[in-house]
Number of protein chains: 2
Amino acid sequence: MTPLEPDIKNDVDQVIETIVYLYTESRRLTKELARRASLTGPQLTVVKLLESIEDLSLSELSERIRAQNSTVTGIIDRMEREGLVVRERSKEDRRVVKIRLTDKGAELAREIPVEPMEVFRQALSSLTKDEVRDLLRILAKLTKKAKTIIRRDIEAERPREAAADERPSRSRLQD
Amino acid sequence: MTPLEPDIKNDVDQVIETIVYLYTESRRLTKELARRASLTGPQLTVVKLLESIEDLSLSELSERIRAQNSTVTGIIDRMEREGLVVRERSKEDRRVVKIRLTDKGAELAREIPVEPMEVFRQALSSLTKDEVRDLLRILAKLTKKAKTIIRRDIEAERPREAAADERPSRSRLQD
DNA sequence: GGCAAGTAGTTCGTACGCGAAATATTAGTC
DNA sequence: GACTAATATTTCGCGTACGAACTACTTGCC
């Protein structure tokens, strides 16, 4: 591929810096807003998700908030302890656990008007339609390339010498 | 020409989705690459930072990797335990702790060619120069707006006059 | 000099966040 | 119907990640 020019390298770093900034600040603000309702960031996300969808399995929840099942188990544990949600085993498939808001959790959800990544949404509203389109197009191209790189890189786990053999080397992307 | 269309909301969500995807996948891959050197993601970041700069105080390190001092203390603890870095009290200011790579740490750094956020860098190289410029310009505008929102929102936390009343329960600690 | 205020780093408690292993249940095969 | 593979969730160990409280040291001020 075409190697980067020095000044482009600089722009690239700037782009990375910006994306990291936007992402981390957005998370931080979500956390701050959550704190006012005595919640954590992830808990707020779960509460708002369950408010709109209601009756999600733990796996579905994990997928939505981009976390592993083992992580979500802990989050739900603490929310259950606080009386915000309840676990219910599914009748059709007894392996599945459905998560629902309690009355207390639903009331809390109503009181909090925010959505996760709200900063993004508000900030994006300051862009023109064309800018949003451009942004989306470029980011889409970026994502496509990134997916290729990720796939290649995961498969190239043991490329150098055949000395390594202890790694099963399976790809695990959940997207 | 049409001022507002329903699919703009869709584009906005798409942009958010994409940025989150890029960020989280990039972190995941960094972590994966670090694992091959028996490191964690943050540890890899620290090693590569110290390779290029050498002699950073803990606070400077915290700032660079966008984490709190208390977080970095733990990371350095574990790296010191592994013999990758050493702590050294500064002569000029005995409160300051300088972090340096050991020979083992320096050698490890040399063996690892990656930098954090490497996926971004590689993926961005697939864009044209103009696209990178556009992306940078739009993201800069986005950041500016986001900063305004964040500042406004933080100020709203401590209302100078008693204008807050829609918040029912006072938030306590424990979050 | 002496002391109050500030700064650098650590400690502590809590909550993610992940991967590997364990458990429980369902589906597929003969 | 029993055996096996697959799926959903939990458990466990470890490493971040943060804010509040604490210690050690420095600076500012008199």
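A note on names: the letters A, B, ... follow the listed sequences, proteins ahead of strands, and every chain is numbered from 1. Computed from a prediction, not measured in an experiment: that's the story for all the values here. Only this structure's heavy atoms are used, side chains among them; waters, hydrogens and symmetry mates stay out.
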K.L.:
Just how far, in rounded Å, is P of dC12(C) from CG of Asp77(B)?
P.N.:
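Rounding to the nearest Å, CG of Asp77(B) and P of dC12(C) are 11 Å apart.
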K.L.:
Is there a side-chain contact (heavy atoms from CB on, under 4.5 Å) between Leu127(A) and Lys145(B) once you walk through the steps?
P.N.:
CA-CA 9 Å; Leu127(A) 300 181; Lys145(B) 179 69 174 177; over 6 Å; no
K.L.:
I need a per-nucleotide contact map over nucleotides 13-24 of chain D, read 5' to 3'. Cutoff is protein heavy atoms under 4.0 Å; write B for the base, S for backbone only, - otherwise.
P.N.:
--SBBBBB---B
K.L.:
Check this for me, if you would: do Asp77(A) and Arg87(A) make a salt bridge, where the nitrogen-to-carboxylate-oxygen distance has to be below 4.0 angstrom?
P.N.:
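A salt bridge links Asp77(A) with Arg87(A).
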K.L.:
Provide, to the nearest angstrom, the distance between the CZ atom belonging to Arg94(A) and the P atom belonging to dT9(D).
P.N.:
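The answer, rounded to whole Å, is 13 Å.
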K.L.:
Think Arg89(A) has a side-chain N or O under 4.0 angstrom from the OP1 or OP2 of dA24(C)?
P.N.:
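Answer no for this pair, as no side-chain N or O of Arg89(A) is under 4.0 Å from OP1 or OP2.
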K.L.:
Measure NZ/Lys91(A) against P/dT26(C) and give the value in whole Å, please.
P.N.:
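Atom-to-atom, Lys91(A) to dT26(C), this comes out as 13 Å.
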K.L.:
Using whole Å, what does the distance between atom C1' of nucleotide dT10(C) and atom CZ of Arg87(B) come to?
P.N.:
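Taking CZ of Arg87(B) and C1' of dT10(C), I get 8 Å after rounding.
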K.L.:
Using the test side chain to side chain contact (heavy atoms under 4.5 Å, CB included), find all partners of Val72(B) that sit at least two apart in sequence or belong to another chain.
P.N.:
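With sequence neighbours excluded, Val72(B) shows a side chain to side chain contact (heavy atoms under 4.5 Å, CB included) to Leu58(B), Leu61(B), Ser62(B), Ile65(B), Ala67(B), Ile76(B), given in chain and number order.
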K.L.:
Who pairs with Thr102(B) by side chain to side chain contact (heavy atoms under 4.5 Å, CB included), at least two apart in sequence or on another chain?
P.N.:
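For Thr102(B) the side chain to side chain contact (heavy atoms under 4.5 Å, CB included) partners, ignoring immediate neighbours, are Val86(B), Lys104(B).
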K.L.:
Just the rounded figure in Å: distance from P of dA24(C) to CD of Glu92(A).
P.N.:
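That distance rounds to 22 Å.
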K.L.:
Please state how far atom NZ in Lys98(B) lies from atom P in dT10(C), giving the value in whole angstrom units.
P.N.:
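Value for this atom pair: 14 Å.
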K.L.:
Could you check whether Asn69(A) gets within reach of a base, just the sugar-phosphate, or nothing at all, counting any heavy atom under 4.0 Å?
P.N.:
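The answer is base, as Asn69(A) lies within the cut-off (heavy atoms under 4.0 Å) of a base atom.
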K.L.:
Closer than 4.0 angstrom, basic N to acidic O: yes or no for Lys48(B) and Glu51(B)?
P.N.:
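Salt bridge present between Lys48(B) and Glu51(B).
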K.L.:
Grab the CG-C1' distance between Leu58(A) and dG17(C) for me, whole Å please.
P.N.:
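Rounded to whole Å, this separation is 14 Å.
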K.L.:
Could you state the atom-to-atom distance from CG of Leu44(A) to C1' of dC16(C) in whole Å?
P.N.:
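Leu44(A) atom CG is separated from dC16(C) atom C1' by 15 Å.
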K.L.:
Just by distance, with hydrogens left out, do Gln68(A) and Ser70(A) show a side-chain donor and acceptor under 3.5 Å apart?
P.N.:
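No.
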